[in-house]
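Working notes, structure below.
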There are 2 protein chains.
Amino acid sequence: MSLATEALFRALADPTRLRCLLLLHAEGELCVCELTHALGESQPKISRHLAQLREAGIVSDRRQGLWVYYCLHPQLPTWAQEVLRVTAAGVTGDLPYAADAQALHDMPNRPGAVCCA
Amino acid sequence: MSLATEALFRALADPTRLRCLLLLHAEGELCVCELTHALGESQPKISRHLAQLREAGIVSDRRQGLWVYYCLHPQLPTWAQEVLRVTAAGVTGDLPYAADAQALHDMPNRPGAVCCA
DNA sequence: CGTGAATATACGCCTGGCCATATATTCGAG
DNA sequence: CTCGAATATATGGCCAGGCGTATATTCACG
């Protein structure tokens with residue numbers, strides 16, 4: 001994976017994408033409906049941002065029946081993983097990070113996510 | 001320093017600002033003309049981006065005679081410093097990071113930068 | 001003061017990127 | 001084959017933000 005430095009930061013610059021990535025970093029693998037519910041955003045919005053992340057090589061997707069599961073790209077460069085780790089550890093109150101995770105876990109009828117293959 | 005997570009990444013999303021920050025991270029303190037020369041960009045362009053970084057609380061400036069020196073803000077949160085450190089260590093070839101540093105050191109008549117007070 | 005060097009700001013233009021809405025695709029169930 | 005659920009894409013509008021150029025500010029020096 002080469003992943004341009006600038007490309008990662010452009011991806012992280014949008015709050016919706018950043019929240020998705022932090023959730024994926026913490027949870028491993030999530031499908032679109034879970035992310036939609038956790039962030040409380042519209043489905044097309046989430047889908048569009050996930051497509052951007054996919055095209056940038058930051059996440060990878062896996063279709064399973066009706067659901068599409070996303071996870072951080074397995075070959076994501078170490079430095080990029082480090083950026084996410086450090087960010088997750090240091091988020092201030094400006095991002096609803098904790099609330100997103102809470103909403104995710106409170107979601108009824110979650111499709112059974114396992115782990116990113 | 002509170003520095004919103006999103007604000008930092010928006011700052012890093014522009015290549016000019018990212019290059020400035022990486023140079024400041026490596027060199028400690030630099031004046032506008034040094035950055036202008038190192039990046040090979042126009043003076044107003046550098047100045048405008050530095051102003052944004054200053055307003056975001058990411059860098060701080062110090063006037064000394066005719067020159068204005070910039071450095072990473074002394075109270076920059078730890079996690080933000082970590083992001084810069086990790087990034088500097090992991091830059092791929094897409095950013096002229098090494099070339100910028102080279103151009104800086106090759107610059108004639110550099111004002112004597114010391115260290116960020 | 002007046003002049004020139006270093007830096008900052010103002011202005012107008014224009015592209016990129018975000019959004020909401022609507023529509024297309026894909027797939028399992030029956 | 002049809003239908004509905006989950007997801008993806010297309011379209012058009014809109015605004016943030018980047019750029020170059022021109023101009024303003026600030027300061028050392030004589």
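Values below: all heavy atoms of this structure, side chains included; hydrogens, waters and symmetry mates excluded. Bear in mind the structure is a predicted one, so any value in this text is a computation, not a measurement. A, B, ... follow the sequence lines: proteins, then strands. Residue 1 opens every chain.
Residue His37(A) contributes atom NE2, which lies 17 Å from atom P of dA5(D) at whole-angstrom precision. Atom CZ of Arg19(A) and atom P of dC18(C) are 15 Å apart (whole Å). When rounded to the nearest whole Å, the span between CG of Leu18(B) and C1' of dG17(D) equals 17 Å. The CG-P distance, from Asn109(B) to dA5(C), rounds to 13 Å in whole Å. As rounded to whole Å, 12 Å separates atom P of dA8(C) from atom CG of Leu53(B). Put simply, CD on Glu6(A) is 12 Å from C1' on dG18(D), counting in whole angstrom units. Residue Gln52(A) contributes atom CD, which lies 14 Å from atom P of dA10(D) at whole-angstrom precision. When rounded to the nearest whole Å, the span between CG of Asp14(B) and C1' of dG17(C) equals 14 Å.
A donor-acceptor contact under 3.5 Å links the side chain of Arg48(B) to the base of dG20(D).
Candidate nucleotides dT9(C), dC27(C), dT7(D) were compared by shortest atom distance to the side chain of Leu66(A), and dC27(C) ranks first. Checking dA8(C), dT7(D), dC19(C) against the side-chain heavy atoms of Val32(A) singles out dT7(D) as nearest. Nearest nucleotide to the side chain of Arg63(A), out of dC27(C), dT7(C), dT9(D): dC27(C). Here dA8(D) is the nucleotide among dT9(C), dT7(C), dA8(D) with the atom lying nearest to any side-chain atom of Pro44(A). Of the candidates dT7(C), dC18(C), dG20(D), dT7(C) carries the atom nearest the Ser47(B) side chain, counting heavy atoms from C-beta on. When each of dA8(C), dC19(D), dT7(C) is scored by its nearest atom to the side-chain atoms of Cys33(B), the top-ranked nucleotide is dT7(C).
For His49(A), a side-chain nitrogen or oxygen approaches OP1 or OP2 of dC19(C) to under 4.0 Å. Taking 4.0 angstrom as the limit, Gln64(A) places none of its side-chain polar atoms (N or O) nearer than this to OP1 or OP2 of dC27(C). Between Arg17(A) and the phosphate of dC18(C), there is a side-chain N or O to OP1/OP2 separation shorter than 4.0 Å. Not one side-chain nitrogen or oxygen of Gln43(B) sits closer than 4.0 Å to the OP1 or OP2 atom of dA5(C). Between Tyr69(A) and dA6(D), a side-chain N or O to OP1/OP2 separation shorter than 4.0 Å is absent.
Within the model, atoms NE2 of His49(B) and CG of Leu18(B) stand 11.5 Å from one another, a figure rounded to the nearest 0.5 Å. Going from atom OG of Ser47(A) over to atom CZ of Arg54(A) covers 7.0 Å, rounded to the nearest 0.5 Å. Here the straight-line distance linking atom OG1 of Thr16(A) with atom CD of Glu41(A) works out to 5.0 Å at 0.5 Å rounding.
Within the 4.5 Å cutoff, no side-chain heavy atoms of Thr5(A) are placed close to those of Leu12(B).
A continuous path of ILVMFWY side-chain contacts below 4.5 Å connects Tyr69(B) to Leu66(B), so both sit in one hydrophobic cluster.
Nearer the 5' end of DNA chain C, as judged by each residue's closest nucleotide, is the contact made by Ile46(B), out of Ile46(B) and Ser42(A).
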- Task: Carefully, step by step, assess Glu27(B) and His105(B) under the rule side chain to side chain donor-acceptor pair (under 3.5 Å).
- Result: CA-CA 10 Å; Glu27(B) 305 284 333; His105(B) 295 128; 3.1 Å; yes
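In this structure, Glu41(A) reaches neither bases nor backbone, as no heavy-atom distance under 4.0 Å exists between it and the strands shown.
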